[in-house]
Amino acid sequence: MSTTTAQTSAAVTEPESPAKPPRRTRRRGETGFAGSLASHGMLTVASLIALFPVLWLVFLSLGPDKDDYLHPERIWSKMTFDNYAFVLQHTNFFDWLKSSLIVSLGTTVIGVLIAATTGYAVSRMRFPGYRKFMWVLLVTQMFPIAVLIVPMYQILSDLGLIDTYLGLIIVYCSTAVPYCAWLLKGYFDTIPFEIDEAGRVDGLTPFGTFARLILPLAKPGLAVAAFYSFITAFGEVAFATTFLLDDEKYTLAVGLQSFVSEHDAQRNLMAATAVLIAIPVSLFFYLVQKNLVTGLTAGGTKG
Amino acid sequence: MTVAIDRATGKRRGDRAPRPGLGQRLRNSYQKHWYAYAMITPVVVVLGILVLYPLAYGLYLTLTDANSLNTARTIGANEIEATYKFIGLDNYADILWGETSYDRFWSHFIWTIVWTAACVALHYTIGLGLALLLNQKLRGRTLYRLILVLPWAVPTFVTVFGWRFMLADGGIINAALESLHLPTPLWLEDTFWQRFAAIMVNTWCGVPFMMVSLLGGLQSIDASLYEAAEMDGASAWQRFRYVTLPGLRTVSSTVVLLGIIWTFNQFAVIFLLFGNTAPDAQILVTWAYYLGFGQQPRDFAQSAAYGILLLGILIVFTSFYRRWLNRNEQQLAI
């Protein structure tokens with residue numbers, strides 16, 4: 001048996017497969033030398049692919065000229081943080097940051113507040129119309145932006161809400177609210193029903209049970225829902241590009257695009273801004289990432 | 001007071017009391033369910049105002065010839081009244097079988113299907129492969145995991161610009177290809193390579209979510225199943241085929257559906273990668289956006305009609321998908 005086939009079968013098909021099947025001296029969960037070498041090799045390659053575009057962005061952001069991305073070898077000799085200094089001092093970076101935070105936090109707070117009771121109701125109660133309601137919630141998840149963008153634009157311009165934070169928050173709530181309701185339902189499903197029953201026996205109303213027993217237990221779920229709506233609103237491009245006109249009100253997603261106009265492309269500044277955005281967001285992401293997937297696929301991983 | 005708290009499993013189907021009269025039933029139903037209705041009211045109101053009303057309004061717009069020249073607008077101090085008129089289903093007819101409908105709709109439709117299928121297939125297989133690798137007892141797997149999640153952690157609108165620098169003619173990718181004496185395609189200008197680049201970037205962005213979800217699924221599979229399979233002499237492939245894959249079924253069907261919906265609707269990657277420069281690489285969503293906001297005059301009616309068609313496609317697809325899952329006795333985790 002050639003080593004290559006042993007490696008691929010160990011690496012691709014099954015994690016715990018021994019490299020040489022006939023001998024069974026190895027314990028379960030341990031991998032043979034060749035197998036673990038192959039795994040490390042593949043994971044290293046994958047990690048490099050995952051890291052490279054981000055590292056490259058960081059590297060380019062150190063080059064002072066806007067065409068340095070075409071001649072990266074020249075950057076080594078003239079590395080500087082000038083781009084960062086310029087972005088922080090002479091662009092609207094902080095205005096954009098403020099807009100992004102206002103819009104994202106607004107969406108998050110409204111989304112989670114409104115969705116919480118609904119998530120609980122659809123998790124615990126079977127009322128007439130339940131299935132239709134769940135179907136509506138599911139359908140709103142798949143609204144392409146193209147469905148709402150034209151009517152929203154018309155409605156908001158009738159109301160004079162184009163180019164306002166409130167307008168954007170309203171638009172984002174149309175997706176954040178049903179999304180949070182779904183996520184929270186998944187999380188509430190993982191909280192034992194016995195707790196509700198105990199609360200009922202002790203004479204609590206469903207509202208009381210929800211507010212006093214379930215909400216405190218559901219804090220991680222609420223955090224996940226909040227995080228998701230924040231990230232979605234923070235990274236949204238289409239509505240923000242269309243509905244914000246004044247470059248002091250741009251969110252970061254729109255502001256970043258504004259470095260590349262038809263006439264001028266300040267790619268060095270763009271790279272620096274991109275890095276400034278990416279660092280805090282990814283740090284934040286890593287802080288909460290453990291809870292993310294349990295939140296999303298709570299029902300699924302339960303089995 | 002009666003309160004409707006039911007187990008989600010619905011085990012109580014058998015014990016049905018004799019049916020009371022209609023009035024009594026309504027009263028009972030109200031007493032039993034008013035908590036539920038009170039609790040879902042906020043979301044129902046929000047959906048009604050923020051989703052249903054715009055949707056109905058958009059549906060109405062698709063039946064008109066509204067564009068940015070004939071809708072109500074303010075120029076300086078002058079208010080101009082809307083002058084668009086009702087034209088029935090002409091927009092849909094024009095999009096689906098009007099003149100040049102192939103160039104405007106069907107070519108984008110085919111590309112959208114190819115794009116969705118290719119991206120989700122790549123997301124799933126690469127994600128599953130990495131999840132299997134990470135599910136082993138391996139030194140440094142936490143570190144690998146943290147690094148591999150990175151494309152998900154950084155906002156898409158940031159990383160897509162990173163990719164643009166890399167894919168530009170003369171960027172690092174072409175420089176590397178040139179030093180290996182390989183052809184250097186014009187990633188951002190040639191239609192085929194634009195599409196290739198779009199799939200590549202979207203795959204890079206989407207794999208971490210699949211990987212992490214499937215890893216969660218793998219960890220929930222009972223280890224004793226593997227032991228039993230091993231005792232019975234199952235090979236590595238057989239254990240994968242008959243233990244791992246069935247164990248992942250619920251998670252898989254959910255993440256694949258989510259993946260299809262998200263990829264079908266993926267706006268940011270294509271919009272930010274090409275802007276308005278690549279008419280042939282636009283999927284239906286970005287094309288609809290282009291019609292409504294990327295050109296002058298803005299064609300609101302056609303753009304909205306594309307939106308309604310897209311939503312229709314997704315709803316039909318999801319209904320069939322769910323029915324297909326039900327027939328195979330699978331469930332959606334969401």
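Fair warning: this is a prediction, and the values are worked out from it, not measured in the lab. These numbers come from the heavy atoms of this one structure, side chains and all, not from hydrogens, waters or symmetry mates. Each chain gets a letter, A, B and so on, in the order its sequence line appears, and its residues count up from 1.
Interface remark: of the candidates B/Leu291, B/Leu272, B/Thr41, B/Ile308, B/Leu272 forms the most heavy-atom pairs closer than 4.5 Å to chain A. Across B/Tyr60, B/Phe264, B/Trp163, the residue that shares the most heavy-atom pairs under 4.5 angstrom with chain A is B/Trp163. Between chain B and the options A/Ala238, A/Ala115, A/Ala274, A/Ala278, heavy-atom pairs under 4.5 Å are most frequent for A/Ala238. Of all the listed residues (B/Val46, B/Leu284, B/Ile261, B/Ile172), the one sharing the greatest number of non-hydrogen pairs under 4.5 Å with chain A is B/Ile172. Contact count versus chain B (heavy atoms, under 4.5 Å) is highest, among A/Cys180, A/Gly129, A/Ala271, A/Pro128, for A/Pro128. Annotation: maximal heavy-atom pairing with chain B below 4.5 Å, among A/Ala116, A/Ser47, A/Gly119, occurs at A/Ser47. Counting heavy-atom pairs closer than 4.5 Å to chain A, the top-ranked of the candidates B/Thr159, B/Val45, B/Leu55, B/Asp222 is B/Leu55. Most heavy-atom pairs under 4.5 Å with chain A, from the set B/Ala38, B/Pro155, B/Gly292, B/Ala66: that is B/Pro155. The candidate from A/Pro144, A/Ala46, A/Ala146 with the greatest count of non-hydrogen atom pairs under 4.5 Å with chain B is A/Pro144. Note on A/Ile149, A/Leu60, A/Val139: by heavy-atom pairs under 4.5 Å with chain B, the leading option is A/Ile149. Here B/Leu310 is the residue among B/Leu128, B/Leu310, B/Val243 with the most heavy-atom pairs under 4.5 Å with chain A.
Taking every heavy atom of both residues into account, B/Ile40 and A/Ala121 meet most closely at CG2-CB, 3.8 Å. Taking all atoms of both residues into account, the shortest heavy-atom contact from B/Pro42 to A/Thr117 is CG-OG1, 4.2 Å. Contact detail for B/Pro54 and A/Pro151: the closest heavy-atom pair is O-CB, 3.2 Å. B/Arg139 and A/His40 get closest at one heavy-atom pair: O-CE1, 3.1 Å. Between B/Met39 and A/Pro206, the closest heavy-atom pair is CE-O, 4.0 Å. Between A/Arg126 and B/His33, the shortest heavy-atom contact is O-CE1, 3.2 Å.
Contact of A/Val171 with chain B is not made at all, since no heavy-atom distance falls under 4.5 Å. B/Leu150 touches chain A through backbone and side chain together, each having a heavy atom under 4.5 Å away. Residue B/Arg164 touches chain A through its side chain alone, counting heavy-atom pairs closer than 4.5 Å. In this structure, no portion of A/Leu113 lies under 4.5 Å from any heavy atom of chain B. For a residue to count as touching a neighbouring chain, one of its non-hydrogen atoms must lie under 4.5 Å from one of that chain's; by this rule B/Val149 touches chain A with backbone and side chain alike. For chain A, no part of B/Thr286 is nearby; none of its heavy atoms comes within less than 4.5 Å. A/Ile277 touches chain B through its side chain: at least one heavy atom from C-beta onward sits under 4.5 Å away, while N, CA, C and O do not. Contacts of A/Leu148 with chain B are made by side-chain atoms alone, with heavy-atom separations under 4.5 Å and no backbone atom involved. B/Phe267 touches chain A through its side chain: at least one heavy atom from C-beta onward sits under 4.5 Å away, while N, CA, C and O do not. The contact between B/Arg298 and chain A is made entirely by side chain atoms (from C-beta outward), counting heavy-atom distances below 4.5 Å. With a 4.5 Å cut-off on non-hydrogen atoms, A/Leu51 touches chain B through its backbone and its side chain both. With a 4.5 Å cut-off on non-hydrogen atoms, B/Leu47 touches chain A through its side chain but not through its backbone. In this structure, no portion of A/Thr273 lies under 4.5 Å from any heavy atom of chain B. For chain A, the nearby parts of B/Ser303 are the backbone and the side chain; heavy atoms of each come within less than 4.5 Å. Only the backbone of B/Asp169 comes within less than 4.5 Å of a heavy atom in chain A; its side chain stays farther off. Only the side chain of B/Tyr37 comes within contact range of chain A, with heavy atoms under 4.5 Å apart. Residue B/Phe271 touches chain A through its side chain alone, counting heavy-atom pairs closer than 4.5 Å.
A heavy-atom distance below 4.5 Å is found between the side chains of B/Thr318 and A/Leu138. Counting heavy atoms from C-beta outward, A/Val147 and B/Tyr306 have side chains that stay 4.5 Å or more apart. Using a 4.5 Å heavy-atom threshold, the side chains of A/Thr241 and B/Phe293 count as separate. At a threshold of 4.5 Å between non-hydrogen side-chain atoms, the residues A/Gln154 and B/Leu61 count as touching. Residues A/Val54 and B/Val158 have side chains not in contact (no heavy-atom distance under 4.5 Å, counting atoms from C-beta outward). A/Val150 has its side chain out of reach of B/Tyr57: every pair of non-hydrogen atoms, C-beta onward, lies at least 4.5 Å apart. For the pair A/Phe234 and B/Phe157, the minimum side-chain heavy-atom distance is below 4.5 Å. Proximity of A/Leu137 to B/Val43: side-chain heavy atoms (C-beta onward) are separated by under 4.5 Å at one or more points.
For the pairing with B/Val51, the side-chain contact (heavy atoms from CB on, under 4.5 Å) check across A/Cys173, A/Pro178, A/Ser174 returns one residue only, A/Ser174.
Taking the ring-ring contact (aromatic ring centres under 6.0 Å, His included) definition, one finds that A/Trp56 meets it with A/Phe52, A/Phe59, sequence neighbours left out.
Using cut-offs of 30° and 60° on the angle between ring planes, the pair B/Phe300 and A/Tyr153 is tilted. Using bins of under 30°, 30° to 60° and over 60° for the plane-to-plane angle, the ring pair B/Trp152/A/Phe285 lands in the perpendicular bin.
Side chain of A/Tyr286 to backbone of B/Leu146: a donor-acceptor contact under 3.5 angstrom is found.
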Which is it for A/Thr44 and B/Tyr144 under the side chain to side chain contact (heavy atoms under 4.5 Å, CB included) test, yes or no, and what are the steps along the way?
CA-CA 8 Å; A/Thr44 309; B/Tyr144 283 128; 3.4 Å; yes
Could you walk me through whether A/Leu43 and B/Leu138 satisfy the side chain to side chain contact (heavy atoms under 4.5 Å, CB included) test, starting with their C-alpha distance in whole Å, then the side-chain angles of each, then the deciding distance to 0.1 Å, before giving a yes or no?
CA-CA 11 Å; A/Leu43 284 170; B/Leu138 207 62; 3.4 Å; yes
Test A/Thr242 against B/Tyr289 for side chain to side chain contact (heavy atoms under 4.5 Å, CB included), laying out the working first.
CA-CA 10 Å; A/Thr242 317; B/Tyr289 178 83; 2.8 Å; yes
Test side chain to side chain contact (heavy atoms under 4.5 Å, CB included) applied to B/Val285 and A/Ile145, step by step:
CA-CA 7 Å; B/Val285 172; A/Ile145 55 112; 3.8 Å; yes
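Ring to ring, A/Phe259 and B/Phe161 are not that close: their centroids are 6.0 angstrom or more apart.
In the model, B/Tyr35 has no side-chain atom that pairs as donor or acceptor with a side-chain atom of A/Arg124 under 3.5 Å.
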